[in-house]
2 protein chains.
Amino acid sequence: MQEFFVTVDLVVLTIREGRLEVLVVERKYPPFEGSWALPGGYVGPEEDLRDAAYRELSEETSIGAGVYLEQLGSYGAPWRDPRGRTVTIAWLALVPGMAEPTAGTDASDAAWRSVADFESGALPLAFDHGEILTDGIERARAKLEYSPLAAAFCPPEFTVGQLRAIYEAVWGTELDPRNFHRKVTRSPGFLEPTGRTSNVDGGRPAQLFTRGTLDVLNPPITRAGQL
Amino acid sequence: MQEFFVTVDLVVLTIREGRLEVLVVERKYPPFEGSWALPGGYVGPEEDLRDAAYRELSEETSIGAGVYLEQLGSYGAPWRDPRGRTVTIAWLALVPGMAEPTAGTDASDAAWRSVADFESGALPLAFDHGEILTDGIERARAKLEYSPLAAAFCPPEFTVGQLRAIYEAVWGTELDPRNFHRKVTRSPGFLEPTGRTSNVDGGRPAQLFTRGTLDVLNPPITRAGQL
DNA sequence: ACAATAGTGTCTCTAAGACATTATTTT
DNA sequence: AAAATAATGTCTTAGAGACACTATTGT
């Protein structure tokens, strides 16, 4: 009965300057020395999988509790790691835009890179991390449709305009501000008004909201068929 | 660096006599001797995860190629298996109703049991397989909404009535036959008419269809708000 | 004839998409 | 004043849900 190494790898996405970005680390030792890879590491002897993912996330960013973290899937092709038979459990984390990566404690320098660069081929990744990242991006894009998850990219209080910017960055589309406003404000439980306002973007001050308690958006926000 | 055992476990669902059923095996050795469990087993030294899942499925049922098989998730709580630190990759398989379980080649007797029994607590499962099955059932229910996956439960040619019975069995609801007919026949790519008809259920002969090429149903079939 | 199931059509209502208009701020 | 963004309202249309009605079989 074969024994395996088990790791967790993280697809950490954020929005910075209106772009969807991913956290990558530079590998300092072989294999793939000098390449970019997803952050991750070995699961501890008595550590739960989610705890391992959360620990790796804490080590690479300044992100604390309350981060959105969901399991993405497992990858275990026989030769995916030349050091030995390794199965990795990939996790998807969505973090607010102001999160800063931590300079590498464990043999890595972490940096935000744009997802557009990855998708154009300008950011090759070590191991099968390209496949994992592709799956993570698609998961995030799909989830925005039927869940209020976009708020996970936002600070605790945010405006409808900021929320719309999240959708536009993740989907790479433009959404009608008026229809979007109607949709999210009239979906009960999506947003909770705080009564406060913000005017950081110029123009009329916008109402500030916090995340509501809704967890499934029905009917969904569709990304097909709008320009 | 800890080494782990890695297994695959299968949530195999089917529809028999209008009921949603799950394939379970009786454990013949400790731990959990005599209990029911999900079918599964160890991943081979040079075996891909999907191949391992497919191999276990073939060993337990008469199902051949073309079965729908998707990864459900990984479960790796430290003490989930008393024999040692084990991570399992769970897979969801949907098989047509006539599939028969194979009497246990590897220390198990396989049987179909109704999901209703499981959900009422009448079918306790070994290890954390109850949690895995709960997740698998929910995944199947959710996927029927926005994918043409229900056809995976059907024989190669089927009627709209048979397809509707799948939805009703999986969701435990009743659907309006006329609205359902309109929905599935007017979703381009969902169904391909064969020109043939069937009248096994009495009444007017029904058109036979095969699965179409569609893979995402937009707009979805909703399970909320209909009786 | 009657029961059963298949299939079509019609009506209402919700919500998406397109877009006009007003409101409130900064420059 | 002009530009920018927020917020509300109107119109059209697609599609869900409810349900009447016709079609074609077996008993």
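Everything quoted here is computed from the prediction, not taken from an experiment. Note on naming: letters A, B, ... go to the chains in the order of the sequence lines (proteins, then strands), and numbering restarts at 1 for each one.
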Exercise. Please confirm whether any donor atom in the side chain of B:Arg182 sits under 3.5 Å from an acceptor in the base of D:dG17, or the reverse.
Key: yes
Quiz prompt | Nearest-Å distance for atom pair CD/P, residues A:Gln207 and C:dT25 | solution = 13 Å
Exercise. Starting at atom OH of B:Tyr146, determine the distance to atom P of D:dG15, rounded to an integer number of angstrom.
Key: 21 Å
Practice problem: Please tell me which of B:Gln162 and B:Arg186 maps to the more 5' nucleotide of DNA chain C, matching each residue to the nucleotide holding its nearest heavy atom. | Solution: B:Gln162
Quiz item: Do A:Arg139 and A:Glu145 sit within salt-bridge range, that is, some charged N less than 4.0 Å from a carboxylate O?
Solution: no
Quiz item: CG of A:Leu191 versus P of D:dA7: gap in Å, rounded?
Solution: 11 Å
Exercise. Return the value, rounded to whole Å, for the distance between atom CD of A:Glu145 and atom P of C:dA16.
Key: 13 Å
Quiz item: Nearest of D:dA6, D:dA23, D:dT25 to any side-chain atom of A:Thr159?
Solution: D:dA6
Quiz item: To the nearest angstrom, how far is A:Leu208 atom CG from C:dT24 atom P?
Solution: 17 Å
Quiz item: Under 4.0 Å: is that the gap between some side-chain N or O of B:Lys183 and OP1 or OP2 of D:dA16?
Solution: yes
Exercise. Check if the side chain of A:Arg178 and the base of C:dA20 share a donor-acceptor pair of N or O atoms closer than 3.5 Å.
Key: yes
Self-check item: Interatomic distance where CG belongs to B:Asp176 and P belongs to D:dC21 [whole Å]
Solution: 15 Å
Self-check item: Residue A:His181, side-chain atoms from C-beta onward, closest of D:dA7, D:dT25, D:dG15
Solution: D:dA7
Quiz item: With ring centroids as reference points, do A:Phe209 and A:Phe158 lie under 6.0 angstrom apart?
Solution: no
Practice problem: For C:dG17, take OP1 and OP2 only and decide whether either is under 4.0 Å from a side-chain N or O of A:Thr222. | Solution: yes
Quiz item: Is B:Arg178 salt-bridged to B:Asp176, going by a charged N under 4.0 Å from an acidic O?
Solution: yes
Quiz item: Nearest to the side chain of A:Arg204, which nucleotide is it out of C:dA18, D:dA7, C:dA16?
Solution: D:dA7
Exercise. Specify the separation, in whole Å, of atom CZ of A:Arg164 and atom C1' of D:dT5.
Key: 9 Å
Exercise. Nearest-nucleotide wise, let me know which of B:Gly203 and A:Phe209 is further upstream toward the 5' end of DNA chain D.
Key: A:Phe209
Quiz item: Do the numbers put B:Arg113 on top of the ring of B:Trp36, so that NZ or CZ is under 6.0 Å from the six-membered ring centre and no more than 45° off the axis?
Solution: yes
Practice problem: Side chain of B:Asn179 only, please: which of D:dA7, C:dC19, D:dA18 is the nearest? | Solution: D:dA18
Exercise. Measure from NZ or CZ of A:Arg141 to the centre of the six-membered ring of A:Trp171, then state whether that distance is under 6.0 Å and the direction lies within 45° of the axis.
Key: no
